[in-house]
*Asks:* 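Can you keep this structure in mind? I'll have questions shortly.
The figures here come from the full heavy-atom set of this structure, side chains too, leaving out hydrogens, waters and symmetry mates. Start at 1 and go down the list; that is how both ligands and their atoms are numbered. The shown structure was predicted, so the numbers you read here are calculated from the model rather than taken from an experiment.
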Amino acid sequence: MTNELLHLNYTLTTIDDAVSRFWAVLGGNKIFAFSGSMGAGKTTFISRLCSYLAVSDAVSSPTFALINEYHFETPGNTDNTIYHMDWYRLRSVDEAVNAGVEDCLNEARKRDKVYCFVEWPENAPELLTGPHLWISIDLVDEGARIMTVGSRK
Ligand SMILES: Nc1ncnc2c1ncn2[C@@H]1O[C@H](COP(=O)(O)OP(=O)(O)OP(=O)(O)O)[C@@H](O)[C@H]1O
Ligand SMILES: [Mg+2]
């Protein structure tokens, strides 16, 4: 079941406002699945979100590395972790498990300060078993995108 939390239209000029509105509706979710066609703007949004969180590491597309790891501080916690994954090249759930994808998801489920941001979640939806956010990004035209955020159980 999907419960819609947010629906917004944004451009590269208004993306930071979209990021702060997004971060305000998480409702305790730690696993974010970013769905959208090639070039929809998944990496761009994640990268702006990481800037908003003042991530201390360089953010890049993990297409080849599969999993990037970033860290950021919050008032009560000096070490929050983000696992930024791209499942575009995944061919099977086995391959994902071998690459450590399931471990990252389990860590986010168990530990308070661990988050997973996933691009191309549709390539291994079987792995998204617990609660997570499903974020769809769609092209309006070259200069704008529509984002829909839903929570799934
Ligand atoms: N809200 C927006 N308005 C206009 N252009 C945008 C917006 N968000 C992203 N873009 C542009 O879309 C292009 C593709 O973005 P990005 O690389 O983030 O896509 P992606 O969804 O991660 O693609 P891939 O599936 O290849 O990983 C970039 O040129 C970026 O500047
Ligand atoms: Mg990308």
*Asks:* Could you please compute the angle at the Mg ion (ligand 2) from OG1 of Thr43 to OE1 of Glu119, rounded to 10°?
*Replies:* 90°

*Asks:* If only side-chain N and O atoms count, and only distance matters, is there a donor-acceptor pair under 3.5 Å linking Glu73 with Thr78?
*Replies:* no

*Asks:* For ligand 1, which part of Leu12 has a heavy atom less than 4.0 Å away: the side chain, the backbone, both, or neither?
*Replies:* both

*Asks:* Return yes or no for this condition: an N or O of Gly36 is under 3.5 Å from an N or O of ligand 1.
*Replies:* no

*Asks:* Can you tell which part of Tyr88 has a heavy atom less than 4.0 Å from ligand 1: side chain, backbone, both or neither?
*Replies:* neither

*Asks:* Considering non-hydrogen atoms of the protein only, which is the closest contact for atom 26 (O) of ligand 1, and what is the distance?
*Replies:* Met38 CG, 3.5 Å

*Asks:* Judged by non-hydrogen atoms, does Thr11 sit under 4.0 Å from ligand 1?
*Replies:* yes

*Asks:* Closest non-hydrogen protein atom to atom 23 (O) of ligand 1, residue and atom name please, with distance?
*Replies:* Gly39 N, 3.0 Å

*Asks:* For Trp120, counting its heavy atoms only, list the atoms of ligand 1 lying under 4.0 Å from any of them.
*Replies:* 25 (O)

*Asks:* Among all protein non-hydrogen atoms, which one is nearest to atom 18 (O) of ligand 1, and what is the separation to 0.1 Å?
*Replies:* Thr44 OG1, 2.5 Å

*Asks:* Within a distance under 4.0 Å of any heavy atom of Tyr10, pick out the atoms of ligand 1 and give their elements.
*Replies:* 1 (N)

*Asks:* Out of curiosity, Thr43 OG1 to Asp86 CG, how far, rounded to the nearest 0.5 Å?
*Replies:* 6.5 Å

*Asks:* So, are Asp79 and Lys113 salt-bridged, with charged N and O less than 4.0 Å apart?
*Replies:* no

*Asks:* What I want to check is whether the side chains of His84 and Glu119 have a donor and an acceptor closer together than 3.5 Å.
*Replies:* yes

*Asks:* Among Arg145, Arg48, Lys42, which one has a heavy atom closest to atom 25 (O) of ligand 1?
*Replies:* Lys42

*Asks:* For Trp120 and Tyr88, take the angle between the two ring planes, folded into 0 to 90°, and tell me which bin it lands in: parallel under 30, tilted 30 to 60, perpendicular over 60.
*Replies:* tilted

*Asks:* I'd like to check Ser56 versus Tyr70 (side-chain heavy atoms, cut-off strictly below 4.5 Å). Are they in contact?
*Replies:* no

*Asks:* Could you give the distance from SG (Cys116) to CD1 (Ile82), rounded to the nearest 0.5 Å?
*Replies:* 10.0 Å

*Asks:* Backbone or side chain, does any N or O of Phe45 fall under 3.5 Å from an N or O of ligand 1?
*Replies:* no

*Asks:* May I ask you to identify the nearest protein heavy atom to atom 19 (O) of ligand 1, giving residue, atom name and distance to one decimal place in Å?
*Replies:* Gly41 N, 3.1 Å

*Asks:* Among Phe117, Trp134, Tyr83, which one satisfies ring-ring contact (aromatic ring centres under 6.0 Å, His included) with Phe32?
*Replies:* Phe117

*Asks:* Are Asp17 and Tyr10 side-chain neighbours, meaning at least one heavy-atom pair lies under 4.5 Å?
*Replies:* no

*Asks:* Identify the closest protein heavy atom to atom 3 (N) of ligand 1: which residue and atom is it, and at what distance?
*Replies:* Gly143 O, 3.3 Å

*Asks:* Would you check the N or O atoms of Glu119, main chain and side chain alike, for any that come under 3.5 Å of an N or O of ligand 1?
*Replies:* yes

*Asks:* Considering only protein heavy atoms, determine whether one is less than 4.0 Å from atom 29 (O) of ligand 1.
*Replies:* no

*Asks:* Looking at Phe34, does the NZ or CZ of Lys42 lie under 6.0 angstrom from its six-membered ring centre and within 45 degrees of the ring axis?
*Replies:* no

*Asks:* Just wondering, do Val118 and His132 contact through their side chains at under 4.5 Å, heavy atoms?
*Replies:* no

*Asks:* Based purely on interatomic distance, does Thr43 place a nitrogen or oxygen under 3.5 Å from a nitrogen or oxygen of ligand 1?
*Replies:* yes

*Asks:* What part of Glu142, side chain from CB on, backbone N/CA/C/O, both or neither, has a heavy atom under 4.0 Å from ligand 1?
*Replies:* backbone

*Asks:* Got an N/O contact under 3.5 Å between Ala40 and ligand 1?
*Replies:* yes

*Asks:* How about His7 and Ile146: do any of their side-chain heavy atoms sit closer than 4.5 Å?
*Replies:* yes

